[in-house]
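Atoms within each ligand, like the ligands themselves, are counted from 1 in listed order. Note that this is a predicted model, so its numbers are computed, not measured.
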Amino acid sequence: MTINDGTDHVRITHREEILHIQMNRPEKKNALTRAMYQTMADAILGADKEDAIRLVLLTGTADCFTSGNDLADFMSAGNDKGGQFHNPFLPVISRAEKPIVAIVSGFAIGIGTTMLLHCDLVYAGAKARFQLPFVNLGLCPELASTLLLPRLIGHQKAAELLLLGEAFDAQTAREFGLVNAVFPEEELFDAALRKARQLAAQPPASVRLTKTLMKRPIEAAVSKAIDEERAYFTELLKSPAAAEAFQAFVERRKPDFSHF
Ligand code: COA
């Protein structure tokens with residue numbers, strides 16, 4: 001079974017007990033639009049309801065996981081006088097009941113990295129590059145990463161990644177515990193799929209319950225962090241610093257924050 005969102009920017013394939021969500025917009029480094037988020041959220045919700053699906057597999061394309069939120073969408077949201085910047089994917093991935101296995105090849109930027117904090121098994125190619133450039137864009141982090149990242153790696157390391165927005169490689173991501181294992185690119189998909197199949201063969205009720213029990217102690221805090229970050233994020237999207245950062249990206253130059 002293959003479903004798509006009408007643009008083919010997200011491909012959803014149900015094979016054996018695995019629902020495969022593929023971010024597939026390589027011409028824009030798989031930058032995520034609102035339509036793509038909605039399709040991905042619907043697919044995860046659908047997987048949770050479907051007994052025949054044991055887990056969700058999340059991938060990008062051969063040389064890119066995702067470059068994060070589409071910056072043109074951010075720009076138009078910044079010009080929008082309306083309410084909160086609502087992204088349906090955030091609450092859905094954070095509360096997903098079925099396990100999510102992510103395969104990261106190439107760039108995983110912004111939400112490309114923060115979504116991994118909500119996945120259960122993450123495998124990366126040796127050339128994967130991770131980055132959290134929210135502050136660099138005049139924004140603040142999302143998807144409860146201000147809560148989950150310091151919890152995973154400690155305040156100072158998280159500050160380095162979130163305040164300086166420096167990129168890090170696959171080996172570092174593995175040392176942080178963000179990634180389970182790193183494979184040479186040519187072995188990555190098959191190696192990760194073997195792990196996914198191993199997980200799919202486990203007794204489903206026990207898998208689901210164990211995931212729930214692991215997440216439950218901080219479920220309310222995660223949900224609160226997502227809401228709080230969203231409120232500030234919406235404000236910052238309209239800020240002069242963000243406008244300068246987005247314009248600088250379009251003009252392929254370094255942003256100048258000296259006046260803000
Ligand atoms: N939103 C919108 N378009 C994006 C994008 C994004 N997040 N990331 C890449 N693109 C587009 C580029 O504008 C370019 O489009 P064009 O060919 O029409 O000019 C195309 O994708 C290819 O990107 P390019 O920058 O030429 O590729 P690269 O290999 O030199 O660099 C990245 C790849 C991912 C490092 C770089 O594109 C980048 O930094 N993107 C922005 C990442 C980001 O800040 N995301 C938001 C996080 S909150």
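- Looking from atom 7 (N) of ligand 1 to the surrounding protein, the closest heavy atom is Asn69 O, 3.0 Å.
- Heavy-atom contacts of Glu27 reach the following atoms of ligand 1: 20 (C), 21 (O) (cutoff under 4.0 Å).
- Surrounding CZ of Arg208 are more than 12 heavy atoms belonging to other residues, nucleotides or ligands, all under 6.0 Å away.
- A salt bridge links Asp227 with Arg230; the closest basic N to acidic carboxylate O contact falls under 4.0 Å.
- Contact annotation: for Arg252 versus ligand 1, heavy atoms closer than 4.0 Å belong to the side chain alone.
- When each of Leu90, Ile100, Leu32 is paired with Met115, the side-chain contact (heavy atoms from CB on, under 4.5 Å) condition holds for Leu32 and for no other.
- Taking atom 33 (C) of ligand 1 as the reference point, the nearest protein heavy-atom neighbour is Phe107 CE1, 3.7 Å.
- Among protein heavy atoms, atom 2 (C) of ligand 1 sits closest to Leu71 N, 3.4 Å.
- For the pairing with Thr146, the side-chain hydrogen bond (donor to acceptor under 3.5 Å, both in side chains) check across Glu228, Glu229, Arg151 returns one residue only, Glu229.
- Aromatic ring pairs are classed by plane angle as parallel below 30°, tilted from 30° to 60° and perpendicular above 60°; the pair Phe85 and Phe233 is parallel.
- Within 6.0 Å of atom NZ in Lys157, 12 or fewer heavy atoms from other residues, nucleotides or ligands are found, so the atom counts as exposed in its surroundings.
- Taking all heavy atoms of Lys29, Glu142, Lys28 into account, the minimum distance to atom 28 (P) of ligand 1 is reached by Lys29.
- Compare Ser67, Ala72, Gly68 by their heavy atoms: the one nearest to atom 43 (C) of ligand 1 is in Ser67.
- The six-membered or imidazole ring of Phe130 lies away from that of Phe65, with a centre-to-centre distance of 6.0 Å or more.
- With a 4.0 Å cut-off on non-hydrogen atoms, Asn136 does not touch ligand 1 at all.
- Counting only heavy atoms of the protein, atom 36 (C) of ligand 1 lies nearest to Phe249 CE1, 4.4 Å.
- Numbered from 1 in the order shown, with element, the atoms of ligand 1 that lie under 4.0 Å from a heavy atom of Leu137 read 44 (O), 46 (C), 47 (C), 48 (S).
- Those atoms of ligand 1 that come under 4.0 Å of a heavy atom in Ala31, given as number and element, are 1 (N), 2 (C), 5 (C), 6 (C), 7 (N).
- The local environment of OH in Tyr232 is sparse, with at most 12 non-hydrogen atoms from other residues, nucleotides or ligands closer than 6.0 Å.
- Atoms of ligand 1 found under 4.0 Å from any heavy atom of Phe134, numbered from 1 in the order shown, are 48 (S).
- Counting protein heavy atoms under 4.0 angstrom from atom 40 (N) of ligand 1 gives one or more.
- Counting only N and O atoms by type, the side chains of Thr13 and Gln22 include no donor and acceptor under 3.5 Å apart.
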